[in-house]
Undergrad: 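Before we start, here is the structure in question, set down as structure tokens.
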Amino acid sequence: MQKNYLVAGLLLMTVLFVKGQNAVLKGVVTQKDTQQPLCGANVFFKGTTTGTGTNNKGEFQIKKLVPGEYDLIVSFSGFKRHDVQVVLNEGENTLVVKMEESENNLDEVVVTGTGTPHYIKTAPVPTELISKKAITTTGAAEFTELMLNISPSFDFNPSSMSSSMKLNGLSNDFILILIDGKRTYGDIGGNSDLNRINPDDIERIEVLKGAASLLYGSDAIAGVINIITKKSRQKINVSNATRIRNYQTVQQSNTLGINQGKFSWNGSFNHKSSDGWQLSKYEEDDDELVDTDAKAQNKYSDRIFKHTLSFRASEKLELYGGNSYYEKDIYRPLTVGKYGYYYEDYTYQAGAKYLLNEKDYVSLDYNYDNYLYYYKYNQASGDYVSGDKLINNDQRMSNVSLKYVSSLSENHTLSVGADYLYEKMVSENRLVDGEADVYTLSLYVQDEITLFEKLDLVAGLRTVKHKEFGNAFTPKISFLYKLDQINIRGTYGYGFKAPTLKELYYDYEKSGTVYMGNVDLDPQKSQYYSAGLDYHLSNFTISVNGYINQVDDLIDYQTIDLYEDDEENGISKRKQHYNVEESCSKGIDVLLHAYLGAGFTLGGGYSYVDAQNISDDEPLEGVANNYGNISMSYDHKWKSYHINANILGRMQGEKYYDDGNAKAYNLWKLTSNHRFTKLGSFALELQLGIDNIFDYVDDSPYGSNYGTINPGRTYFAGLIVNFSK
């Protein structure tokens, strides 16, 4: 009898549960002016994990809802966010959402500056946003090309292996790169392997400039780049993007997104290859020019596979897990070297986010990255045959982050977090003991408060315990003062960066030069100050920001005396890491965006940089004084056809090197994007363009310092096919 009562009770609970979740919300999202459907708009209920995405017809549907009152949010890149209160009754409920196009990025939401969401126009910490539209219209083959096309604050010192990135005069070592908030790890000669980042996978990029050690810890002295990747919330989304250009360069990206009930899966496979190119047929040998087969851009082939699985366990709890694999083959001509270069990278992520209410949450994230760098022989040499690989280093990182965000009141938010970072390197031939490791444990607290309606303050402190260098504290404070169309911002931040395992222990030889670590290095410390002003109207925005980043004990290379038998062994130079006692990067950034009417938009930016090794009274290497970008775009929509055309310009001054400066240059690019809709569940986009319109080539001898390794005028074409329902 008791069993019968129990079964009956369970059945009754099930009926009540099902009956209580019998509301359905169906709707369509369109552009207000043209009534065109918006594909890929995000539709979700505030304070929950419940949501979906619109299909190619702009339609959406959310089932199994409890009748009641909800706050619904609809967002789409390039449009103003739509907040609406809906009352759901039992059965089917319908809604039409008409989105207004944003004439600038001010209505976009950013999270990187404070770790909490803010509209960019009222973000207390200045954050530069590179939108989905800006990314798509450039037609960039690589991440470096994308950033050079869009932002004057970035520069890349190119080489045949990898590019060294700089932000406002400070190098790759001081820039933290995040993908969906997770740090990337692994480098080539101290430079992050940026080929792991495929422009076709990027939804938007948020750039935080200056010392950001409060939230992000070591590496974030020059700034943070947070790359947010595309994630489909539609039931089924399949896309293929293929681009071809000169030098047999082929770029292909394939994505698949599935959302079924509580489960979401997003996966992608990307492939890129090129035959590479020469800038000059000559190189210098003892001050004489000799013939060479060496290429400024070597032939290469790379592949990236990644996927993420999410599970919405309830309206409050979401779990996720995923991994990625990347490999790249770089081939050098047989006459140039006996081997090429081969890279692999494995990443794994898992985590959970629990919503306590509409604004408060707790999150736990784990991130593992294993980057491997090899020589890959192209011919027999000693004990190696063609195809054999010799590992140079094996870099591993484990990162655990715990975060709690609490809204104490409408105008007061508190963030508290803990972070554990473990790093290990294995290299039998390049590390004295064959391996080395280090850990960092951090705790931080950040307070955001609005005073007098016009003044926002953000202040916080991070405490760091480093295995080798003890304890450090990194405070930061920012303010935003709002005056109608004018925003005034200011920031002070203290940065701390311990020497990397490579800088401490890693020795290797390249082309007759030995590069050496130094166990006597001191940590690098920075004092960052910035002040800026934004002026914004509905169709015009301009921002001006000045900064000073003073870095003590900056780590660089210096030439030291040769060892006794170096010349006999073919060693002509030794360079060892050392601390530059005092250095400073200061400058000013200006960004402009104006909607001119009739579909025309003008944008651009200018960056002046003065980066100095004050101790030795000389400029920092690889930095120019002047950088600039300009863009002119045209948009027009017909019933089922949308055209976007762009002219993009990049101007850059001469860059200083102690062994010969890199030439100044300017490059101009034309792109056009043609989108066809109303093809049922399909959408097509054709992309055509000309890169380096005026055919500029730096034909300096191979091995020179280059401002750009652009091969000259090239043509590209792409086709994007998208299916969703």
Undergrad: List in chain and number order the residues that pass side chain to side chain contact (heavy atoms under 4.5 Å, CB included) with E423, two or more places apart in sequence or in another chain; answer none if no residue qualifies.
TA: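 Y185, L421, V438, L501.
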
Undergrad: Is the distance from the ring center of Y325 to that of Y346 below 6.0 Å?
TA: yes

Undergrad: Side chains of T308 and N266: donor-acceptor distance under 3.5 Å anywhere?
TA: no

Undergrad: Hey, what's the ring geometry for Y508 with Y515, parallel, tilted or perpendicular (30° and 60° as the breaks)?
TA: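 Y508 and Y515: parallel rings.
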
Undergrad: Can you check whether S151's main-chain N or O pairs, donor with acceptor, with R650's side chain at less than 3.5 Å?
TA: yes

Undergrad: NZ of K573: more than 12 outside heavy atoms within 6.0 angstrom?
TA: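 Counting other residues, nucleotides and ligands, NZ of K573 stays at 12 neighbours or fewer.
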
Undergrad: Tell me, yes or no, whether the heavy-atom count around K231 atom NZ, taken from other residues, nucleotides or ligands under 6.0 Å, exceeds 12.
TA: yes

Undergrad: Within the 4.5 Å heavy-atom criterion, are V514 and K575 side-chain neighbours or not?
TA: no

Undergrad: Once you measure the plane-to-plane angle for Y343 and Y341, does it fall in the parallel (<30°), tilted (30-60°) or perpendicular (>60°) bin?
TA: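 The arrangement is parallel - the two ring planes meet at less than 30°.
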
Undergrad: Within a reach of under 6.0 Å around CD of Q558, are more than 12 heavy atoms found that belong to other residues, nucleotides or ligands?
TA: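 Yes.
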
Undergrad: So I202 and I228, do their side chains get closer than 4.5 Å, heavy atoms only?
TA: no

Undergrad: Hey, does Q349 have a side-chain heavy atom less than 4.5 Å from the side chain of N323?
TA: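 No. Closest side-chain heavy atoms not under 4.5 Å.
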
Undergrad: So do S585 and V551 actually touch side chain to side chain, heavy atoms under 4.5 Å?
TA: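 They are not in side-chain contact.
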
Undergrad: Would you say Y557 and Q576 are linked by a side-chain donor-acceptor pair, where the criterion is simply a distance under 3.5 Å?
TA: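 No - no donor-acceptor pair under 3.5 Å links their side chains.
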
Undergrad: Not counting sequence neighbours, which residues clear ring-ring contact (aromatic ring centres under 6.0 Å, His included) with Y384? List them please.
TA: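 Y384 satisfies ring-ring contact (aromatic ring centres under 6.0 Å, His included) with Y377 only.
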
Undergrad: Applying side-chain hydrogen bond (donor to acceptor under 3.5 Å, both in side chains), can you list everything that pairs with E145, at least two apart in sequence or on another chain?
TA: K669

Undergrad: Can you tell me how far apart CG (N429) and CG (L390) are? Round to the nearest 0.5 Å.
TA: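 Separation between the atoms: 6.0 Å.
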
Undergrad: For the CG atom of N393 and the NZ atom of K502, what is their distance to the nearest 0.5 Å?
TA: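 Reported value, rounded in 0.5 Å steps: 4.5 Å.
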
